[in-house]
Amino acid sequence: MAYKFWFVVGSQHLYGPEVLKEVAAHAKIMTDGFNADKSIPFDIVLKGVVTTPEEVKDVCIAANGDAECAGVITWMHTFSPSKMWISGLTILNKPYLHLNTQFNRDLPFATIDMNFMNTNQSAHGDREHGFITARLRMKRKVICGYWEDETFRSRIGGWMRSAVGAIFSRSLKVMRLGDNMRYVAVTEGDKVQAEKDLGWSVNTYGVGGFVERVNAVTNDEIDAKIEEYRSKYEFNTENINAVRYQAKLEVALESMLAEGGFNAYTDTFEDLYGLEQLPGLATQNLMGKGYGFGAEGDWKTAALGAVVGAMSKGLGGGYSFIEDYTYHFEPGNEAVLGAHMLEVSPTIAADNPKIEVHPLGIGGKSDPARLVFEGKEGDAILVTIIDMGGRFRMVAHDVRAIKPMEKMPRLPVASVMWRPEPDMITANEAWILCGGMHHSIISYDLTAEHMRDFAEIMGIEFIHINKHTTIHELRDKLAIGDYVWGR
């Protein structure tokens with residue numbers, strides 16, 4: 001969908017029609033400037049200057065009813081009495097950004113008079129507006145700065161991505177093939193609460209039905225998929241039959257996902273009824289196309305991956321389902337090796353992935369084809385969502401992805417190594433104290449601020465593990481969070 005953001009400028013009739021014309025002209029210039037800037041990833045549509053309670057309410061009702069409107073951006077050019085915003089803001093259900101800026105960067109010291117003061121008083125008007133949004137307990141983002149500054153515009157663009165993630169989340173559908181891995185706690189969760197809080201519709205579909213689709217895939221469809229693989233990846237196997245079976249799985253999966261309008265899916269190696277292989281290459285290629293995925297029935301990480309994908313559109317860093325797999329505890333050179341049995345997205349590969357076939361060791365099925373590669377270097381975040389019982393907690397963790405210290409020629413899966421902030425010991429203790437999953441989404445594009453804004457829009461708890469984290473302060477924050485968010 002071509003998401004758009006509505007720009008609404010507040011004023012009033014007290015200053016006369018000429019001032020309102022000037023306010024409207026300034027708003028038009030600003031909108032055009034925003035839309036010409038590549039750091040702002042979605043179109044901004046100017047919805048005019050509002051000066052009465054009726055106008056405010058009408059624009060909020062219209063925003064609610066427009067599927068393409070992903071959020072409302074406001075700015076008080078002059079003084080806009082905030083009581084006139086109450087009826088509109090109380091019904092608004094779109095993400096909300098309040099800009100605190102000014103059309104002119106510098107004061108015209110030699111000519112400034114009361115006409116200029118009355119026209120350009122966002123320092124005054126935005127505080128009035130800030131009061132009413134605080135009084136109404138609105139979930140909103142506030143960004144202050146000069147409207148032409150690079151940092152200011154970049155922050156608008158970042159919030160837009162969070163808002164799009166929230167809108168996308170509210171209609172997200174997850175297809176589960178089988179249940180979650182037996183006896184595992186963290187992949188369980190309250191699907192009713194998830195649909196209420198996050199918009200995620202999560203439902204199970206029988207593996208037998210999937211098998212019927214797999215068996216119906218034609219050789220022509222498989223051949224076309226093989227050509228797609230050859231255009232993307234390097235073949236490093238002579239077991240073409242295993243690769244063709246993954247192609248067959250992907251064709252069937254993709255048809256089910258498209259037909260049901262699903263954005264994400266899960267499977268589990270404990271429920272492979274009628275399948276010859278666990279989806280590996282098939283799932284990796286689908287993740288590369290933007291589908292969310294969760295192994296072992298992990299529907300929360302599958303949905304989160306789809307949300308991160310929606311927030312990352314147009315960016316090139318990549319993201320993937322990942323698992324903290326094993327540690328490197330060399331003093332002063334500590335690191336985590338992240339991987340999974342099969343399912344890591346090729347979007348985070350440092351070099352062209354290779355298609356290989358190796359034994360899986362679990363599941364009792366044939367050796368599956370998969371993509372093997374090392375993850376790219378760079379700053380990244382790990383993100384997870386956990387069910388705390390009646391509510392959800394999001395944890396974001398700053399990491400630095402690195403090149404492994406040595407080659408791992410016998411590792412038959414895709415992997416990425418990272419150094420966690422602030423250090424290995426503190427970071428791991430913090431993640432465990434938060435209850436963070438062993439599964440997460442790694443993103444090279446998004447930051448903790450993107451995820452914090454998303455969490456605030458959705459109304460869920462957010463914890464950020466970073467270079468400043470200490471265990472004592474984190475314990476206090478978690479204890480306070482239990483009271484704020486409810487145990």
Side-chain angles (χ1 to χ4, degrees), residues 95 139-142 155 158-159 161-163 165-166 169 185-190 193-194 196-200 294 298-305 307-308 311-312 319 321-324 336 338 379-401 418-487:
K139 302 184 184 85
R140 83 276 196 209
K141 177 85 169 179
V142 179
R155 292 186 69 199
W159 174 83
R161 293 188 178 279
S162 304
S169 179
V186 74
T187 53
E188 291 282 10
D190 187 337
Q193 192 72 36
K196 172 181 175 291
D197 292 355
L198 298 165
W200 301 348
D298 183 359
W299 53 270
K300 293 187 289 297
T301 304
L304 180 58
V307 169
V308 168
M311 292 169 64
S312 305
Y319 64 94
F321 172 87
I322 200 71
E323 177 174 282
D324 295 54
V336 177
D379 292 331
I381 57 170
L382 302 174
V383 192
T384 189
I385 283 186
I386 54 175
D387 188 328
M388 294 299 294
R391 65 184 181 91
F392 292 91
R393 171 184 291 162
M394 173 178 281
V395 182
H397 185 189
D398 295 343
V399 300
R400 173 72 185 177
W418 63 79
R419 288 200 174 95
E421 294 284 357
D423 59 77
M424 180 87 147
I425 304 303
T426 304
N428 291 351
E429 290 179 6
W431 187 272
I432 290 169
L433 284 169
C434 289
M437 276 196 182
H438 55 286
H439 293 163
S440 60
I441 300 297
I442 185 169
S443 170
Y444 290 77
D445 290 314
L446 303 182
T447 67
E449 184 172 6
H450 290 107
M451 305 317 301
R452 182 188 298 276
D453 288 343
F454 170 84
E456 289 181 352
I457 293 169
M458 304 310 291
I460 63 173
E461 183 184 14
F462 179 83
I463 302 291
H464 180 201
I465 302 171
N466 56 70
K467 63 183 179 180
H468 303 297
T469 295
T470 68
I471 296 301
H472 295 305
E473 290 179 351
L474 177 67
R475 283 185 177 277
D476 291 344
K477 188 171 186 177
L478 292 172
I480 292 169
D482 278 340
Y483 286 97
V484 172
W485 297 97
R487 290 180 176 272

Enquirer: Between I463 and L474, does the side chain to side chain contact (heavy atoms under 4.5 Å, CB included) criterion hold? Intermediate values first, please.
Expert: CA-CA 9 Å; I463 302 291; L474 177 67; 3.7 Å; yes
Enquirer: Thinking salt bridges, do R140 and E456 make one under a 4.0 Å N-O criterion?
Expert: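 Salt bridge: no.
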Enquirer: Enter the distance from D445:CG to D379:CG here, rounded to the nearest 0.5 Å.
Expert: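 So the CG of D445 and the CG of D379 are separated by 12.0 Å.
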Enquirer: To check you understand the geometry: which heavy-atom pair defines the closest contact between G189 and D387, and what is its length?
Expert: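 Smallest interatomic distance, heavy atoms only, reads CA-OD2, 3.2 Å.
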Enquirer: Where is the tightest heavy-atom contact between E323 and W418, given as atom of each residue plus distance?
Expert: O-CH2, 4.4 Å
Enquirer: So which heavy atom on W431 is nearest to which on I465, and how close?
Expert: N-CD1, 3.6 Å
Enquirer: For D453, is there an ion pair with K139 - N to carboxylate O distance below 4.0 angstrom?
Expert: no
Enquirer: Show the numbers, then the answer: is there a salt bridge (Lys or Arg N to Asp or Glu O under 4.0 Å) between R391 and D482?
Expert: CA-CA 10 Å; R391 65 184 181 91; D482 278 340; 2.9 Å; yes
Enquirer: Before giving the answer on side chain to side chain contact (heavy atoms under 4.5 Å, CB included), spell out for L446 and M311 the whole-Å C-alpha distance, their side-chain angles and the decisive distance to 0.1 Å.
Expert: CA-CA 8 Å; L446 303 182; M311 292 169 64; 3.9 Å; yes
Enquirer: Counting C-beta onward and ignoring hydrogens, is there a side-chain heavy-atom pair between V395 and M437 closer than 4.5 Å?
Expert: no
Enquirer: Regarding N466 and H464, is there a side-chain donor-to-acceptor distance under 3.5 Å anywhere?
Expert: yes
Enquirer: With a 4.5 Å cut-off on side-chain heavy atoms, are M424 and V336 touching?
Expert: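 In contact.
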Enquirer: Within a strict 4.5 Å, meaning less than it, do heavy atoms of the P422 and H468 side chains meet?
Expert: no
Enquirer: Classify the angle between the aromatic ring planes of F392 and W299 as parallel (below 30°), tilted (30 to 60°) or perpendicular (above 60°).
Expert: perpendicular
Enquirer: Indicate yes or no: at least one non-hydrogen side-chain atom of I386 is less than 4.5 angstrom from one of R393.
Expert: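 Yes. Closest side-chain heavy atoms under 4.5 Å.
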Enquirer: To the closest 0.5 Å, what do you measure between CD (E461) and CD1 (I385)?
Expert: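 Going from the CD atom of E461 to the CD1 atom of I385 covers 11.5 Å.
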Enquirer: So does E188 get a backbone contact from the side chain of K300, meaning a donor-acceptor N/O pair under 3.5 Å?
Expert: yes
Enquirer: Rounded at 0.5 Å granularity, tell me how far NZ in K141 sits from OG in S162.
Expert: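 So the NZ of K141 and the OG of S162 are separated by 7.5 Å.
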Enquirer: With a 3.5 Å distance limit and no angle check, can you tell me whether E421 reaches the backbone of V399 through a side-chain donor-acceptor pair?
Expert: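 Looks like no, no N/O pair under 3.5 Å.
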Enquirer: Considering all heavy atoms of both residues, which atom of V383 and which atom of M451 are nearest to each other, and what is their separation?
Expert: CG2-CG, 4.0 Å
Enquirer: Going from CG on D476 to CD1 on I471, what distance comes out if it is rounded to the nearest 0.5 angstrom?
Expert: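 Result: 11.5 Å between the selected atoms.
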Enquirer: Does the pair F454 and S169 meet the rule for a side chain to side chain contact (heavy atoms under 4.5 Å, CB included), with working shown?
Expert: CA-CA 10 Å; F454 170 84; S169 179; 4.0 Å; yes
Enquirer: Regarding E449 and R161, does a basic nitrogen lie under 4.0 Å from an acidic carboxylate oxygen?
Expert: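 No, no charged N to carboxylate O under 4.0 Å.
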Enquirer: Give a yes or no on whether R400 atom CZ has more than 12 heavy-atom contacts from other residues, nucleotides or ligands under 6.0 Å away.
Expert: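 It does: R400 CZ has more than 12 such atoms within range.
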Enquirer: Of all the heavy-atom pairs spanning V307 and G165, show the shortest one and how long it is.
Expert: CG1-O, 4.0 Å
Enquirer: Could you measure the distance from the CD1 atom of I441 to the OG1 atom of T384? Nearest 0.5 Å is fine.
Expert: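 So the CD1 of I441 and the OG1 of T384 are separated by 8.5 Å.
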Enquirer: How long is the span from the SG atom in C434 to the CE atom in M388, to the nearest 0.5 Å?
Expert: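 Atom-to-atom, C434:SG and M388:CE are 9.0 Å apart.
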Enquirer: Begin with the C-alpha distance, continue with both residues' side-chain angles, and end with the deciding distance and a verdict on side chain to side chain donor-acceptor pair (under 3.5 Å) for D298 and H439.
Expert: CA-CA 8 Å; D298 183 359; H439 293 163; 2.8 Å; yes
Enquirer: Going by heavy atoms in the side chains, are F321 and V308 under 4.5 Å from each other?
Expert: no
Enquirer: Taking only residues two or more places apart in sequence, or in another chain, which ones meet T426 in a side chain to side chain donor-acceptor pair (under 3.5 Å)?
Expert: D423
Enquirer: For I322 versus L382, what's the shortest heavy-atom pair and its separation?
Expert: CG2-CD2, 4.2 Å
Enquirer: Would you sort out whether W159 and H450 count as a side chain to side chain contact (heavy atoms under 4.5 Å, CB included), showing the intermediate values?
Expert: CA-CA 6 Å; W159 174 83; H450 290 107; over 6 Å; no
